[in-house]
There are 2 protein chains.
Amino acid sequence: MNTIDDIDRRILRELQRDSATPLEELGTRIGLSRNACWRRIKALEAAGVIDRRVALLNPGTLDLGLMVYIQLRTSAHEPGWLEKFSRATNAMPEIMGVYRMTGDLDYLIRARVPDMAGYDRLYQRLIARVPLSDVSASFVMEEIKDTHELPL
Amino acid sequence: MNTIDDIDRRILRELQRDSATPLEELGTRIGLSRNACWRRIKALEAAGVIDRRVALLNPGTLDLGLMVYIQLRTSAHEPGWLEKFSRATNAMPEIMGVYRMTGDLDYLIRARVPDMAGYDRLYQRLIARVPLSDVSASFVMEEIKDTHELPL
DNA sequence: CCTTATCGGGGGAAATCTTCCCATATTCAA
DNA sequence: TTGAATATGGGAAGATTTCCCCCGATAAGG
């Protein structure tokens, strides 16, 4: 695929902010006809730069007001532990992110739950499925910034 | 607004996975006519449950392969520090999330950069704008799970 | 100069969305 | 049971958008 130029980047910036704007307006906004714009978008989709179009939901209206980061420090794991851990966390929808990290903590989990009781249910379910040694949770008191937009 | 029932939840689940499917297919998939489906979506948008439609981009194709979590422990801050910190982080596009946390760490920053050098540039820019005392970074070695989908 | 390739613009057909209508369940309360 | 309120399904019409084809401009290379 071709390299991504500045016009592509402008298109991407618009689309990851709002993908519902009609092509016509998007075109005029970035100084391109709706057709040229459309072709670039199709190319970006074909190249996998644009992954997909989704709807972003408002956590507050869905009783998911509590965001929690769970830090795991693990002692030596038996073989197959990571595989089991991966399957368990991927099967739990409250868990939105699982990362293997550098540094003193081994794994970091990002999750959304209704409240503290919801976190406890999540925690109980998690440790029931996967043996975990050192677990500590930190709760988000205030979301100063939270976006999906990649820097372009 | 009315309470969200199971049909609404199914609609939301589909939409936050893929909002590009035509109404007709979405309707048949959840067992509803395109019309009833459309009315529910409009209601969910009006109620703010559906925030907006966006395009999700692939970080790998955009040279943003490194995700980093920055932990801040702060000693006593002068008044106005949080305001300055908020403005600085919101103005830096690499920083995708900033959270005030419970527990032993005060603030958590989530960011995406091309590589370690990119992180260093981000770090330098950040500490040049806001006085920070105790900063430590953890880098994501492996993304076991990473989604925007809220649990419904 | 000519050819080729690439990119943008214009036009238009096809698909989709949006908004009506109204008849028909379904639920809930009286 | 009856009535009211609510939600659905279907049709249909117009507006909008998507998508594709063709042509012209521009640039690179022979």
Side-chain angles (χ1 to χ4, degrees), chain A residues 1-64 114 147-152, chain B residues 1-64 148-152:
Chain A
M1 191 246 167
N2 283 338
T3 53
I4 295 169
D5 61 14
D6 286 337
I7 299 180
D8 287 328
R9 246 180 292 273
R10 259 207 308 238
I11 292 175
L12 293 174
R13 222 167 309 171
E14 294 289 335
L15 287 184
Q16 76 172 342
R17 197 158 304 165
D18 177 16
S19 70
T21 52
L23 272 177
E24 187 69 62
E25 188 188 332
L26 208 172
T28 58
R29 192 176 304 175
I30 65 173
L32 221 57
S33 77
R34 74 198 126 91
N35 279 329
C37 215
W38 178 80
R39 275 189 295 260
R40 281 173 178 268
I41 292 174
K42 286 298 146 187
L44 289 167
E45 284 173 346
V49 179
I50 295 176
D51 190 34
R52 51 185 171 152
R53 320 297 188 93
V54 302
L56 292 188
L57 309 184
N58 187 337
T61 64
L62 290 163
D63 193 22
L64 293 167
T147 184
H148 69 287
E149 293 174 25
L150 301 180
L152 294 177
Chain B
M1 191 246 168
N2 283 336
T3 54
I4 294 167
D5 61 14
D6 286 337
I7 300 180
D8 287 329
R9 249 180 289 274
R10 256 204 313 235
I11 292 176
L12 293 174
R13 221 169 301 161
E14 292 289 334
L15 286 184
Q16 74 174 343
R17 198 159 301 166
D18 177 17
S19 69
T21 52
L23 270 178
E24 185 68 61
E25 188 188 331
L26 208 174
T28 58
R29 189 177 306 171
I30 65 174
L32 221 57
S33 76
R34 56 216 130 186
N35 244 330
C37 213
W38 180 82
R39 277 189 292 257
R40 279 173 179 269
I41 292 175
K42 284 300 148 188
L44 289 167
E45 284 173 345
V49 178
I50 297 176
D51 189 35
R52 51 182 172 153
R53 321 298 188 91
V54 303
L56 292 188
L57 309 184
N58 186 335
T61 64
L62 289 164
D63 193 23
L64 293 167
H148 69 287
E149 292 173 26
L150 300 181
L152 294 177

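Within every chain, numbering begins at 1; the chains are lettered A, B, ... in the order of the sequence lines, protein sequences first and strands thereafter. Quick caveat, the model's predicted, so the values are computed rather than measured.
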If you take any heavy atom closer than 4.0 Å to DNA chain C, which residues from residues 32-42 of chain A end up in contact? L32(A), S33(A), R34(A), N35(A), A36(A), R39(A), R40(A)

Can you list, in residue-number order, the parts of residues 14-29 of chain B that come under 4.0 Å of DNA chain C, counting heavy atoms only? P22(B), L23(B)

Within the structure provided, determine whether [X] and [Y] are in side-chain contact (heavy-atom separation under 4.5 Å).
X      : Y      : result
L15(B) : L44(B) : no
I41(B) : L26(B) : yes
R13(A) : I30(A) : no
T61(B) : I4(A)  : no

Got a donor-acceptor contact below 3.5 angstrom from the R52(B) side chain to the R17(A) backbone? yes

D5(B) atom CG is separated from dT27(C) atom P, nearest whole Å, by 13 Å

Which whole-number value in Å describes the distance from D8(B) CG to dT8(D) C1'? 14 Å

Working for side-chain contact (heavy atoms from CB on, under 4.5 Å), residues Q16(A) and L152(A): CA-CA 10 Å; Q16(A) 76 172 342; L152(A) 294 177; 3.6 Å; yes

Is K42(A) salt-bridged to E45(A), cutoff N-O under 4.0 Å? yes

Can you name the nearest heavy-atom pair linking A55(B) to S19(A), along with the distance? N-CB, 3.7 Å

